[in-house]
Novice: 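The following block contains the structure, expressed as structure tokens.
Quick note on labels: first sequence line is chain A, next is B, and so on, each numbered from 1.
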Amino acid sequence: MTERAEAIAVTNLHKRFGALEVLKGISLTAYEGDVIAIIGGSGSGKSTFLRCINMLEVPSEGSVAIRGEPIAMKQDGLGGLAPSDRRQVQRLRSRLGMVFQSFNLWQHMTIIQNVIEAPVHVLGVSKAEAVARGEALLRRVGLFEKRDAYPAFLSGGQQQRAAIARALAIQPHAMLFDEPTSALDPELVGEVLGVIGDLAKEKRTMLLVTHEMKFARNVANHIVFLAHGVIEEQGPPEQIFGAPKSERLKKFIHSSH
Amino acid sequence: MTERAEAIAVTNLHKRFGALEVLKGISLTAYEGDVIAIIGGSGSGKSTFLRCINMLEVPSEGSVAIRGEPIAMKQDGLGGLAPSDRRQVQRLRSRLGMVFQSFNLWQHMTIIQNVIEAPVHVLGVSKAEAVARGEALLRRVGLFEKRDAYPAFLSGGQQQRAAIARALAIQPHAMLFDEPTSALDPELVGEVLGVIGDLAKEKRTMLLVTHEMKFARNVANHIVFLAHGVIEEQGPPEQIFGAPKSERLKKFIHSSH
Amino acid sequence: AAEPLKVGFAAEPYPPFASPDAAGKWEGWEVEFMQAICAQAKLDCVITPVAWDGIIPALTSKKIDMIVGSMSITPERLKTIDFSDKYYNTPTGVIGPKSEKFDATPAGLKGKTIGVQVATIHQDYANKYFGSAGATVKEYQTQDEANNDLAAGRLDAVQADAIALDAFLKSDQGKQCCELKGNVKDDPEVLGAGVGVGLRKGDTELKDKVNAAIKAIRANGTYDTFSKKYFDFDIYGG
Amino acid sequence: MSAGEKAAEPDSLVELPPEESTVEATALTRLPSGRGFLKPHRVVLMAIAASIVFCAVWFLRWDWLPDYAGRLAHGVGVTLLMLFGTCLLGFVLAVPIGLVQVTGPWPLKLLAKGFCTIIRGTPLLLQLWLLYYGLGSLFPQFPAIRQSFLWPVLREAWPYGVAALTMSFAAYEGEVMRGAFAGVPKGELEAARAYGMSRWKVFRRIWLPRAVHRALPTLNGETVLQLKSTPLVATITVIDVYAVVSKIRQVTYLTYEPLLLLALIYLCLTALLVLAFRYFENKIPTRSA
Amino acid sequence: MAADPASMIDWGLLALDPPGWGGVLLAGLMSSIKIAIGGYSLGLVLGTGGAFGKLYGGPVTKDLLEIYTTVVRAVPELVLILLLYYAGTDLLNRLAASLGYGTVDISGLAAGIFVIGVVQGAYATEVMRGAILAVPPGQIEAARAFGMSPLLALRRVTLPAMLPHALPGLSNLWLITTKDTALLAVVGFSELTLVTRQAAGSTKAYMLFFCAAGVLYLALTLVSNLVIRLIEARARRGWAAR
Ligand SMILES: Nc1ncnc2c1ncn2[C@@H]1O[C@H](COP(=O)(O)OP(=O)(O)OP(=O)(O)O)[C@@H](O)[C@H]1O
Ligand SMILES: Nc1ncnc2c1ncn2[C@@H]1O[C@H](COP(=O)(O)OP(=O)(O)OP(=O)(O)O)[C@@H](O)[C@H]1O
Ligand SMILES: [Mg+2]
Ligand SMILES: [Mg+2]
């Protein structure tokens, strides 16, 4: 693993909401091509961890580096941290493709407009080029014919696939998925997992919070089990699912059928 | 099975929405104490079937009898049917406990008010008695201490348990569940299934539309598989899940992991 | 001054003193009076209609410079604005429906409902003499509304300045329903001071000019000339 | 706008906006709450406010106040009477107006819609005049009416004021109730039917209370608007507090003082209304973020 | 009033040229519309600023805006207009005088627009604030996650996304504005209501002119409704049908 470049490096990350410490010192490095699944019970801090990586939540302590470039932080005067360079954050964010649990497609734009929005208005790609690439991506997730539909007219599964295309459109260094299927009806889960599985096969760097154990096992090369704000256990899927060591992990795997 | 009384008898039920025929002649009899699980793909007509039983949807053809009393129907002049005696429908409904997918608790009433509403205002039970019984029911579903809370302040699982208590409060001849857990977060499903499982053990007559195959298998004594508006296959759980005959059922069981 | 003098008129029509026609031209006795004094004092005047509600603030905030609006001079008002000398003072009359017979005396109006325009000397008078004698005094924002209600039978009598009443009685509406019941007994303390031009406090220069002009047009006959067009009696009063 | 309102929007992918966000805009329920009220900047603001009040008292003329205190109090009484009378009557009308627009047969629907459009499309002042000077002055031409026992009432001004304000409130509130009725989740009504309630019972026990509760913040705003509309009755000789103040202005020719007093009176009345409504709203808590 | 009102209607009074008052009424209507458009636009600007100030401003900004919206919404418009118009110009004049300028004369139109704008601004603030709150936070978060700067996110996502939520409120405000212009009569502005009163008072044909004005207002409302519907259809294009 070590010969590959670092894609995301998180060191000693802490996050407090008021008195509640949600993350209690997490360090994790994702190398290029890694597919890391983050599992854990509800409230264990998985989403918070993912959101700290692109500064949607500002960490209380610790540091995050994207492709070797540490995000500059400063004290915010209230005993917490704050990014010191907003432009840097925006630049780094513009190459991290985030896919949300609830899709968060922009409802006032058609699917293709959603997909080209960030390339055109953030990265400055020409519109023609963005559309061409966007259409290719939509074709890839099987949504080409929905290109001019508005999100509200699509099923949940289609919306999530569109969201994935939107995230891919910025040619991201890494993709961040926060429970991409848990807002979907059971019948629609498959189509989205299929698309993500394909991405994994291409060796795209991905961090993936999920409740779908079977899927995590098949797709990830590294599993991180979060419990109460710390990494309780991590390792390759065979080890985590086949030979869990910690009691908590055993119980967790057992309970999630 | 035959020595028990009929609780619900549906004969040759058809339901059309305009040109779309959703139910194409369904006959099914539930005897007292039966727990019947209705399974099937999305759009196969499960909800419609359940709703026809208490006339929330008026059947286009066929008849429904509750405890041997057929619901009187008349032609409505447009080629469809309509209940001919509204009072009869109201009376029969007042002994069918329906639990909805989205709970449908009355938001302007506290939990205990929700529970005593139908007993007091429909069945004419005295308020003191209704409260006493209601509190017992709430205790049973583990919600006694939430008795004076408003539904909006409860979790989905708690709301659904309250809805079950509300349905039990009318001392129903039969309970109708329409996907009682599918609006719940995965972690909350268990608590509701637990309550329903307990009811099943008491041999309450129940019709249960569900996506939870494992649960249906454990709890029901009879499984009905609906596809495209007809009963494609039915029988005891071991047979349906263990030795499905129809291709559709095999595929369905396979797909729902 | 290069700036023309802005003369405020109540935007609501008050014939025969001042009312606009459809072309927006103002006409009436007060319009001619205003023109006469402006000509006399060599002032360049323009008519600025302002709704009655806003006419005093318009004066104090210098949106207009004087008000020609049939404003009665009262001590209470003198605390806030200034007045020129009176330029007319008319008897006060009471009108009522033809079908009913009564006099304009406290006894005659007992038990009747009598309409007056709010915050006028007529209101004070009606309250003092008729209200205390068992009549109901009803306040109206404009004279027109009181007249209308009289015609509609919602009032038994209207007390106002005889000229306004006369104009009403000559209109189609007034001709049919109503007649003059007589003028009220004078009480200089209430009805006294007459109508003056409203001026900003401290604007003594203008006040002097206006007073002088009023005296002059009274003296040189202009006043009587244009008054005759409207009235067949002496509107200046005693 | 209370966020809790929207928590229970029906099954749609996108959140639909509240039916009547305008009127929401007039809802004054969000006044600052007591707790955590005193912050340093607030103390400064209040000091500034106090000094303004002091200036107003010191530099302006208030000597007329004692003379009119009684009449002002009476005027406030008339204003409140008009307000509550017309709001209650208007609400009673608004419920069927809103309801038939949601479920009624089309002729009624059309009628209600037309009523709302016409009333909302023309200024209240015009309606008031049409009623009072138009309709009201037709009555006396019929001796039958003039001789009838109704005449003493019909010749007064207040019935016309009440009628105009009531219709206005009914039209605006009818629209609000339409939205509120339509916004009650279908499932809750269905649940009521599923438990054997008759239509009337569903309406009385579930639909109406639920709709009224949804409409409360808007209702609050509408009531404040109605409070601000009541001065119009002064134009037809009903002596409310506004008429008293205009009279003071006419008598004294003071510009600001009576108006400032009037603004203060309306602020106080509004505050009272808001507190009252807040009390009702809090009776059934809604979950807000 | 005459015994037979029907025979009394003199339609000639509504003729477009004097002595008919039709032209005057139409001119009044035009003035009303002019003021309404001006005041409404100002209200929108104030409302947008106010909404963002209330949501994202500092504590002092928030409190001041709260006072602004509360007071303006609690006090009758007529009182506000008198106070703002006269006290406002009074103060302005004194200020100008103390700075050595002469008195400034503010045109009735400008002042009217200003006053209506301030009143509408308070309501618009609340409409916009509600609309912004109604935008699912995830939409804005997604914009941030893709590296948009706050301004870009505002322009590309927040504003267009809130529009459908704001439109019903804003269109209602527009209708209110058209009727509020009647209040400007007190500052001497010849809008529809004032000229109606003048026409009615001069001719004594009260019913005729009140009805005529009512019809004009109603027509304005109905036309506005049509336009609003078009705008709404456009803004809601991304919305699933109800
Ligand atoms: N903005 C916030 N303010 C306060 N507490 C928060 C906030 N966001 C999250 N939390 C708390 O932090 C804890 C972890 O939340 P997080 O969303 O990261 O959990 P999760 O592992 O993603 O859970 P789930 O599987 O339910 O999504 C929870 O207890 C949550 O209540
Ligand atoms: N009121 C209605 N009007 C028209 N079509 C309807 C109506 N209700 C249901 N349908 C249609 O009837 C079919 C069956 O619907 P139903 O809700 O019974 O399916 P279901 O088996 O419950 O599916 P799901 O598992 O998704 O709840 C669907 O195609 C649906 O679109
Ligand atoms: Mg999460
Ligand atoms: Mg269903």
Side-chain angles (χ1 to χ4, degrees), chain D residues 1 3 6 12-28 30-32 39 41-42 44-45 49 117-118 120-127 129-130 133-134 137-138 140-141 221 224-225 227-231 242 245 255-256 259-260 262-264 266-267 269-271 274, chain E residues 1 3 5 58-60 63-64 66-67 69-71 73-80 82-83 86-87 90 123-127 129-131 133-134 136 164-173 175-176 179 182 193 196 206-207 210-211 213-215 217-218 220-222 225 238-240 242:
Chain D
M1 161 159 334
K6 287 189 266 80
S12 142
L13 284 171
V14 233
E15 216 170 14
L16 300 171
E19 279 280 326
E20 293 287 329
S21 6
T22 347
V23 212
E24 295 259 357
T26 63
L28 285 158
R30 271 183 16 96
L31 292 181
K39 301 206 184 99
H41 72 274
R42 290 231 170 95
V44 174
L45 283 179
T117 309
I118 290 179
R120 286 155 46 104
T122 50
L124 176 55
L125 188 61
L126 275 180
Q127 295 161 19
W129 288 348
L130 276 172
Y133 294 114
S137 58
L138 289 182
Q141 288 157 20
V224 173
L225 286 183
L227 171 67
K228 297 200 290 173
S229 301
T230 45
Y242 183 86
V245 167
T255 305
Y256 302 122
L259 284 180
L260 284 175
L262 186 63
L264 185 70
Y266 274 96
L267 270 174
L269 292 181
T270 305
V274 168
Chain E
M1 301 248 157
V60 179
D63 277 9
L64 287 179
E66 196 67 48
I67 293 173
T69 52
T70 309
V71 169
R73 290 181 301 156
V75 176
E77 280 81 354
L78 185 58
V79 177
L80 281 178
L82 286 170
L83 283 177
Y86 292 111
D90 222 17
Y123 288 96
T125 297
E126 292 299 299
V127 171
R129 194 180 64 84
L133 284 178
H165 299 278
L167 267 181
L170 291 182
S171 34
N172 255 335
L173 275 191
L175 294 179
I176 293 174
K179 285 178 275 164
T193 306
T196 303
Y206 291 93
M207 280 308 101
F210 291 169
C211 288
V215 168
Y217 274 115
L218 198 58
L220 180 56
T221 301
L222 293 177
N225 276 343
W239 289 38
R242 288 208 187 202

Novice: Pick one of side chain, backbone, both or neither for D/Leu125, based on which atoms fall under 4.5 Å of a heavy atom in chain E.
Specialist: side chain
Novice: Between E/Gly214 and D/Thr122, which heavy-atom pair has the shortest distance, and what is it?
Specialist: O-CG2, 3.4 Å
Novice: Check whether E/Leu175 gets within reach of chain D through its side chain, its backbone, both or neither, counting any heavy atom under 4.5 Å.
Specialist: neither
Novice: Name the member of D/Leu124, D/Leu262, D/Leu45 that forms the most heavy-atom pairs with chain E at distances under 4.5 Å.
Specialist: D/Leu45
Novice: Hey, are the side chains of D/Arg120 and E/Asn172 touching, using non-hydrogen atoms and a 4.5 Å cut-off?
Specialist: yes
Novice: Below 4.5 Å from any heavy atom of chain D, which atoms of E/Thr125 appear? Answer side chain, backbone, both or neither.
Specialist: neither
Novice: Would you say the side chain of E/Tyr217 lies within less than 4.5 Å of the side chain of D/Leu126, judging by non-hydrogen atoms?
Specialist: yes
Novice: Heavy atoms only: give me the nearest D/Ala263-E/Val79 pair and the separation to one decimal.
Specialist: CB-CG1, 4.3 Å
Novice: How close do E/Glu77 and D/Lys228 get, counting heavy atoms only, and between which atoms?
Specialist: OE2-NZ, 3.3 Å
Novice: Can you find a pair of side-chain heavy atoms, one from D/Thr117 and one from E/Leu222, that are under 4.5 Å apart?
Specialist: yes
Novice: Which region of D/Ile118, side chain (C-beta onward) or backbone (N, CA, C, O), has a non-hydrogen atom less than 4.5 Å from a non-hydrogen atom of chain E, or is it both or neither?
Specialist: both
